[in-house]
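Atom set for the values below is all heavy atoms of this structure, side chains included, hydrogens, waters and symmetry mates excluded.
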Amino acid sequence: MKARHALAGFAVLTVFALALGDMSAQRPDPWLTLAAMGRGILSPDFGDLAGLAQATGLTLAFAFCGVGLGAAAGLALAPIYARVRILCVSVRAVHELFWALLLLNITGISPLTGVLAIALPYAGIFAKVFAEYLEEADPAAEAALPPGLPAAIRLIWVRIPQCLPQMRTYTLYRLECGLRSSAVLGFVGLPTLGFELESTFRQGLYGEAAAVLLIFLALILPMRRWVIWRLVPLYLIASIVALVLVDTPPMGSGALMRFLNDIVPAPVRTGADWSGWLHKVFVEQAWPGAVNTLVLSQIALAGAALLAAVAFPAIVPRVAGRFGALIGHGVLVVLRSIPEYMLAFVFVQIFGASMLPAVLALALHNGAIIAHLMGRQAGGVTLRPDAPAGLTLWAWELFPRLNGTFWALCLYRWEIILRESAIMGLLGIATLGFYIQTGVQELRLDRVIALLLVSILLTFAIDQVSRILRRRMHLGGDLRVEATRGRGKGDVTPREA
């Protein structure tokens, strides 16, 4: 399949999605809200230092404990990944916010809810990536061992030590993702920075909201400076202590048994008619939710691709100049560091609950990631001595030569954008997340499980389509999403993805 055919199909799908999507701004005068937010950004209010410090500490604690538990579980599953692949794919296809909504019914507003909401999907992700590392380990070292040694000994003493540098690099990236996830968990009631952001925004305290955002960026942007590996055990111990000291309301006895009973389909439990239950779940909820999720993800992917194609030269000095590249790099780093859900929440306050806020958030975040990776590779492209500069270099040299990388990154982000589109329903947008949240609020957990299965199947289907397209377009069957040792400056290592 040629790139122009894929582009034509992509354009047709995008036009069709735009015709179906609700891109209206429902607020009567968004400029008033924007002006108020602008004043808040110019004068951030750090008045409640104690509250902000507590939320910051708990955001870090949830991230360290969740990522640590997920990494440990993933490492344990990696050697047997072929046998547990379906399980790992399923748990990582469910977003952390969906896991939190389910766990609230068992563990309540407790630290365990936040830790497990991060650890469960991350365990599936770690298992896949660590399994790939172990498969790529040099077999020569293992062949030098005496014959007859147990497989566990070979794994611990030969294969894992070879992969340790890559595992550490990827774990650091996952910790960055864990910080974003931890902050977002505040939107379901856990006491992280996301909870502070939601509270201040809903009260119109934009100066305090700006302070929360600045603190979050101050945490995540210099992560490579303050995450020192020999101090990680201390970070973990401090995180565990901080979470143990959190006061949580009791859930009462029998919560787990009630949950297990409630997830059984109502016709099985009560003898109700199957046709009514199936119609309600799959016709009235799953079908419109899935359609809106696909529509939203397609528009957002188009926006991200357009932004990436236009913005990646902004960090290439030969196009934007040294000063311009520095500014462009800063803007892209900030956009890719703020979680999509957090951005979407802010845009909902401005435009109202249509697809527009979600599209803007997803396009900006994912477009910044793709642009950053493209710009890094463009910086390593060998150019002729007489190569042009500025926009001519972008249009006639860099983008044509990086076309394959651009498509590969866009197709890879497709599945991630779909997964994020589903959770936008928690903001009142009618994707699958909207109906999942409704089921949780109505305590109809059997419907919630059915809708989550639909979300998993959609994610799996898009991932498979993406792989097929990458293979047919000769872009490579798998796009690695982590940095590895020995790569050059210009290599594609979408670690930030």
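Side-chain atoms of N105 come within 3.5 Å of backbone atoms of L101 as a donor-acceptor pair (strictly under, hydrogens ignored). Between the side chain of E196 and the main chain of T192, no donor-acceptor pair closer than 3.5 Å is present. One N or O on the side chain of T293 and one on the backbone of L432 form a donor-acceptor pair closer than 3.5 Å. A donor-acceptor contact shorter than 3.5 Å links the side chain of N292 to the backbone of A430. A donor-acceptor contact shorter than 3.5 Å links the side chain of N366 to the backbone of L362. Side chain of S466 to main chain of I462: no donor-acceptor pair is present (N/O by atom type, distance under 3.5 Å, no hydrogens or angles). Judged by distance alone, the side chain of Q203 and the main-chain N or O of S199 form a donor-acceptor pair under 3.5 Å. In this structure, T56 contributes its side chain and L52 its backbone to a donor-acceptor pair below 3.5 Å. Of the possible donor and acceptor atoms, one in the side chain of T431 sits under 3.5 Å from a partner among the backbone N and O of S421.
The existence of a salt bridge linking R419 and E415 is excluded, since no basic side-chain nitrogen approaches an acidic carboxylate oxygen closer than 4.0 Å. Remark: D262 does not engage R258 in a salt bridge, criterion side-chain N to carboxylate O under 4.0 Å. Under the 4.0 Å criterion applied to side-chain N and carboxylate O atoms, R269 and D446 are assigned as salt-bridge partners.
Ring geometry, H95 versus F98: the interplanar angle exceeds 60°, so the pair is classed perpendicular (tilted spans 30 to 60°). Aromatic ring pairs are classed by plane angle as parallel below 30°, tilted from 30° to 60° and perpendicular above 60°; the pair W277 and W274 is perpendicular.
The heavy-atom pair separating L364 from L335 by the smallest distance is O-CB, 4.1 Å. Closest heavy-atom contact between E284 and Y435: O-CE2, 4.0 Å. Smallest separation of non-hydrogen atoms from G74 and F130: C-CD1, 4.2 Å. L356 and S24 make their closest contact through CB-O, 4.0 Å (heavy atoms, listed as atom of the first residue, atom of the second, distance). The minimum heavy-atom distance linking S239 with F64 is given by the pair OG-CB, 3.5 Å. Contact between T59 and A183 at its shortest, heavy atoms only, is CG2-N, 4.0 Å.
Within the cation-pi definition used here (under 6.0 Å to the ring centroid, within 45° of the axis), R174 qualifies as a partner of Y122.
Side chains of L20 and F16 form a contact here, defined as non-hydrogen atoms less than 4.5 Å apart. No side-chain heavy atom of P357 sits under 4.5 Å from any side-chain heavy atom of L427. Put simply, the side chain of V91 does not reach to within 4.5 Å of the side chain of P121, judged on heavy atoms.
Enclosure of atom CZ in F195 is not indicated, since only 12 or fewer non-hydrogen atoms of other residues, nucleotides or ligands lie within 6.0 angstrom.
With no hydrogens or angles considered, a side-chain donor-acceptor pair links S181 and E96 at under 3.5 Å. T107 and T113 share a donor-acceptor pair across their side chains, judged by distance under 3.5 Å alone.
Taking CG of L193 as the reference point, atom CZ of R180 lies at 14.5 Å (rounded to 0.5 Å).
The ring of F187 has its center closer than 6.0 angstrom to the ring center of Y341. Less than 6.0 angstrom separates the ring centroid of F126 from the ring centroid of Y170.
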